[in-house]
Trainee: 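Shown below is the structure under consideration.
Residue numbers count from 1 along this sequence. Here the structure is a predicted model, which means the values were calculated and not measured.
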Amino acid sequence: MRMISFLLLATVVALNIAHPGNVRRQRKENEFNKGWATFLDDEISEFHDLPLTWALNTTVPAWLKGSLVKNGPARKQFEDDRQYSNYLDSWGKLHKFTFNEEGVTFSGRMIETGNYNKSIKHGEMVPTIALAHIVPNDWTLFEVAEAVVNSYDNTNVMLWKLGPADKNVGMYIATTDYPYVHEIDPDTLAVRHKWGLNQLTDGMSLGSCSHWRREVGTDNSLNFHMMYNPLTLHEEFALYRFGNTWQDREVVGKFVMPHNSIIHMFSNTVNYAVVALYPISMDFWAMANHKMHPFETIKKLDVNCQFYLMDLRDGSVINGFESDDPSLIFGTHHMNAWEQGDEIIVHMATNPWNAMAEYQDIENMLNWQETGGDEADWIMKKVRLNLKTREVVVEEWPNLLDVPMLRTVDFPVINDNYVGIENRYTYGWVSIDYWKQTLVKKDLDDSRNDKTWSRNSHYSGEVFFVPRPDAEAEDDGIVIAIIFDGELEQSYILLLDGQTFEEINHSYLPVNVPFAFHGNWFPELQ
């Protein structure tokens with residue numbers, strides 16, 4: 001309530017400034033971007049257990065049993081003429097692909113949060129806190145006040161499982177970087193409950209993390225909250241350890257943040273949580289002057305990137321790691337981290353400082369002009385943190401094939417059995433000019449073995465690697481991707497061999513899947 005009270009007070013002095021209109025650019029269709037706009041269309045239908053048919057006369061391995069659940073934006077507009085200007089504001093939808101002895105089935109359902117249901121009931125977009133401005137007309141001053149009361153509850157980034165791989169033990173939660181989650185029924189995909197910290201006992205959280213982490217060798221989950229301390233007027237980074245439910249949690253440790261930082265993801269080794277504080281910040285105090293749109297308050301700070309290590313055994317913190325390497329101005333996703341002698345190794349996707357706000361701007365996505373570039377805007381880096389000297393060494397990803405895009409991978413995923421320990425292979429996604437998309441298998445030990453998969457005007461996103469049970473080789477498994485065929489304007493599920501990166505089979509879907517973000521594999525959901 002204190003947070004709401006502050007925001008309500010802030011709206012009293014907010015300026016009712018109209019957002020300047022976007023300049024539309026005409027995008028010329030070519031062999032790479034057919035059907036791209038359709039890929040970004042809303043798709044809100046609910047359906048359950050639709051059977052899929054494989055297109056090729058090849059055998060899908062019988063050991064592939066479980067469910068891939070993807071989360072991502074699917075609705076940017078209701079019955080009125082308003083819509084969100086940033087794709088990240090689109091309301092989330094879950095798509096589930098279930099594999100068992102009988103074949104594979106397909107389900108989908110919008111994440112029906114409290115605010116989403118209000119918009120459905122009213123037949124128009126109900127004011128909420130939105131990351132970016134609303135078009136064609138942003139919130140009025142009175143609507144800003146309503147948005148503050150409604151707050152934000154669009155958990156459209158990830159589905160995570162608290163507890164073990166047991167359907168009857170634990171909790172499935174839809175997540176975002178906002179400090180609330182929604183408990184999800186794994187069968188119906190319905191929202192069961194909204195969960196958040198208790199402001200009276202835990203304090204005021206200003207943000208959290210979509211990307212929960214599994215503590216190595218346990219069923220525990222790790223995540224952080226950025227807590228505002230009203231006594232010191234500073235933010236504190238608080239790492240939590242969760243058991244089987246949201247209520248089953250404890251604080252691992254805390255440290256005072258030298259400045260507010262946008263932290264989309266962290267990583268963990270066997271013994272440490274690895275946290276990067278970038279010199280990119282959101283000015284929460286300025287949000288009232290921007291219709292409560294936090295992306296419009298993003299700014300660069302004149303400080304270095306700093307790394308913190310928190311010991312998972314006792315909560316103690318090791319700091320003093322700083323780097324002025326320009327690539328570390330901001331990063332989205334960590335591939336993995338591990339301990340190696342006196343060093344902590346972390347691989348991470350580094351991005352332009354304004355990537356969160358600019359890349360998902362819908363006008364940019366729809367009307368981007370071809371640049372002729374041969375690599376994406378983000379770059380994977382290997383960062384070495386020396387525990388003794390506090391030296392930070394930033395290294396390029398190996399690229400013996402000398403193909404520029406092979407170092408510009410995002411959405412990096414690995415064999416989850418290797419989380420927190422050294423891995424050799426990663427699977428990722430390259431997006432050049434938005435619609436020139438390529439899937440990549442990266443060999444960190446010998447990059448001459450790097451492999452790619454792509455088709456012109458076929459669009460994907462994050463893939464997921466499912467290891468074969470009892471496999472000895474790290475890459476012995478199946479890569480699952482959800483692809484949109486731009487020429488046919490139809491989605492399909494694609495299975496790739498984790499070792500050869502060649503197609504096993506695919507199946508076109510009866511319902512399209514819009515551009516989604518992240519997914520998880522749940523072997524217990526068969």
Trainee: For residues 53-66, dump all side-chain donor-acceptor pairs below 3.5 Å to protein atoms at least two apart in sequence or in another chain.
Mentor:
| unit_1 | atom_1 | unit_2 | atom_2 | d |
| --- | --- | --- | --- | --- |
| Thr58 | OG1 | Ile504 | O | 2.5 |
| Thr58 | OG1 | Asn505 | ND2 | 3.1 |
| Lys65 | NZ | Glu101 | OE2 | 3.1 |

Trainee: What I'd like to find out is whether the side chain of Gln83 reaches to under 4.5 Å of the side chain of Val135, using heavy atoms alone.
Mentor: yes
Trainee: State, to 0.1 Å, how close Val430 and Ala376 come at their nearest heavy-atom pair, and which atoms those are.
Mentor: CG1-CB, 4.2 Å
Trainee: Report yes or no: is the cationic atom of Lys442 (NZ for Lys, CZ for Arg) under 6.0 Å from the centre of the six-membered ring of Tyr427, at an angle within 45° of the ring normal?
Mentor: no
Trainee: Under the side chain to side chain donor-acceptor pair (under 3.5 Å) rule, collect the residues that match up with Glu183, sequence neighbours excluded.
Mentor: Trp195
Trainee: Using ring centroids (six-membered ring only for Trp), state whether Phe522 and Tyr172 fall under 6.0 Å.
Mentor: yes
Trainee: Please report whether the ring centroid of His333 lies less than 6.0 Å from that of His347.
Mentor: no
Trainee: Okay, side chain of Glu502, backbone of Leu496: is any donor-acceptor separation there less than 3.5 Å?
Mentor: no
Trainee: Hey, what do you get for CG (Asn512) to NE2 (His95), rounding to the nearest 0.5 Å?
Mentor: 9.0 Å
Trainee: Identify whether the distance between the nearest side-chain nitrogen and carboxylate oxygen of Arg109 and Glu46 falls below 4.0 Å.
Mentor: yes
Trainee: Is any side-chain heavy atom of Leu509 less than 4.5 Å from a side-chain heavy atom of Phe97?
Mentor: yes
Trainee: Do any N or O atoms from the side chain of Trp212 and from the backbone of Thr175 form a donor-acceptor pair under 3.5 angstrom?
Mentor: no
Trainee: If you measure only the distance, is there a donor-acceptor pair under 3.5 Å linking the side chains of Ser208 and Tyr180?
Mentor: no
Trainee: Using the ring centroid of each side chain, check whether Tyr434 and Trp368 are separated by less than 6.0 Å.
Mentor: yes
Trainee: If the condition is salt bridge (charged side-chain N to carboxylate O under 4.0 Å, His left out), which residues does Lys118 pass it with, not counting sequence neighbours?
Mentor: none
Trainee: State, without any angle test, whether Thr38 and Glu489 hold a side-chain donor-acceptor pair at a distance under 3.5 Å.
Mentor: yes
Trainee: Is a donor on one side and an acceptor on the other found under 3.5 Å between the side chain of Asp497 and the backbone of Glu503?
Mentor: no
Trainee: Without hydrogens or angle criteria, can the side chains of Ser45 and Glu43 be said to hold a donor-acceptor pair below 3.5 Å?
Mentor: yes
Trainee: Check whether any side-chain N or O of Ser261 sits under 3.5 Å from a backbone N or O of Ile263 as a donor-acceptor pair, and report yes or no.
Mentor: no
Trainee: Using the ring centroid of each side chain, check whether Phe224 and Tyr240 are separated by less than 6.0 Å.
Mentor: no
Trainee: If you compare all heavy atoms of Glu462 against all heavy atoms of Phe411, which two are closest, and at what distance to 0.1 Å?
Mentor: N-CD1, 3.3 Å
Trainee: Side chains of His293 and Asn86: any donor to acceptor distance under 3.5 Å?
Mentor: no
Trainee: Does NZ or CZ of Lys76 lie under 6.0 Å from the centre of the six-membered ring of Tyr84, at an angle within 45° of the ring axis?
Mentor: no
Trainee: Please say whether the positively charged group of Lys436, taken as NZ for Lys or CZ for Arg, lies over the ring of Phe32, i.e. under 6.0 angstrom from the six-membered ring centre and within 45 degrees of the axis.
Mentor: yes
Trainee: With a 6.0 Å cut-off on the ring centroids, do His211 and His518 count as close?
Mentor: yes
Trainee: Is it the case that Ser151 and Tyr178 place a side-chain donor and acceptor less than 3.5 Å from each other?
Mentor: yes
Trainee: Closer than 4.0 angstrom, basic N to acidic O: yes or no for Arg249 and Asp202?
Mentor: yes
Trainee: Got a donor-acceptor contact below 3.5 angstrom from the Thr350 side chain to the Phe330 backbone?
Mentor: no
Trainee: Do any N or O atoms from the side chain of His458 and from the backbone of Asp485 form a donor-acceptor pair under 3.5 angstrom?
Mentor: no
Trainee: Would you say Asn367 and Glu363 are linked by a side-chain donor-acceptor pair, where the criterion is simply a distance under 3.5 Å?
Mentor: yes
Trainee: Under a 3.5 Å distance rule, please check whether Asn351 uses its side chain to pair with a backbone N or O of Trp378 as donor and acceptor.
Mentor: no
Trainee: May I ask you to say whether Glu124 pairs ionically with Arg82, meaning some side-chain N is under 4.0 Å from a carboxylate O?
Mentor: no
Trainee: Output yes when Arg468 and Asp476 qualify as a salt bridge under the 4.0 Å nitrogen-oxygen rule, no when they do not.
Mentor: yes
Trainee: How long is the straight-line distance from CD of Glu79 back to CE of Met125, given to the nearest 0.5 Å?
Mentor: 11.5 Å
Trainee: How close do Val511 and Phe106 get, heavy atom to heavy atom, and via which atoms?
Mentor: O-CE2, 3.5 Å
Trainee: Checking side-chain hydrogen bond (donor to acceptor under 3.5 Å, both in side chains) against His182, which of Thr176, Asn154, Thr155, Thr113 comes through?
Mentor: Thr155
Trainee: If you round to the nearest 0.5 Å, how far is CE of Met348 from CE of Met335?
Mentor: 11.5 Å
Trainee: Any sub-3.5 Å donor-acceptor pair from Asn223's side-chain atoms to Cys209's backbone N or O?
Mentor: yes
Trainee: What verdict does the side-chain hydrogen bond (donor to acceptor under 3.5 Å, both in side chains) test give for Gln499 and Asp475, after you've listed the backbone C-alpha separation in whole Å, the side-chain angles of each residue and the deciding distance to 0.1 Å?
Mentor: CA-CA 5 Å; Gln499 295 183 313; Asp475 59 347; 3.3 Å; yes
Trainee: Main chain of Trp36, side chain of Asn33: is a donor-acceptor contact present, judged purely on distance under 3.5 Å?
Mentor: no
Trainee: Asn115 vs Thr128, test: side-chain hydrogen bond (donor to acceptor under 3.5 Å, both in side chains). Steps then yes/no.
Mentor: CA-CA 7 Å; Asn115 285 330; Thr128 63; 5.2 Å; no
Trainee: Do Asn456 and Glu31 have side-chain N/O donor and acceptor atoms under 3.5 Å apart?
Mentor: yes
Trainee: Under a 3.5 Å threshold, yes or no: a donor from one side chain and an acceptor from the other, between Arg214 and Ser221?
Mentor: yes
Trainee: Might you confirm whether atom CG of Asp470 has over 12 heavy atoms from other residues, nucleotides or ligands at distances under 6.0 Å?
Mentor: no
Trainee: Donor-acceptor check, side chain of Ser67 to backbone of Leu525, threshold 3.5 angstrom: yes or no?
Mentor: yes
Trainee: Would Phe78 and Tyr116 count as a close aromatic pair, with their ring centres under 6.0 Å?
Mentor: yes
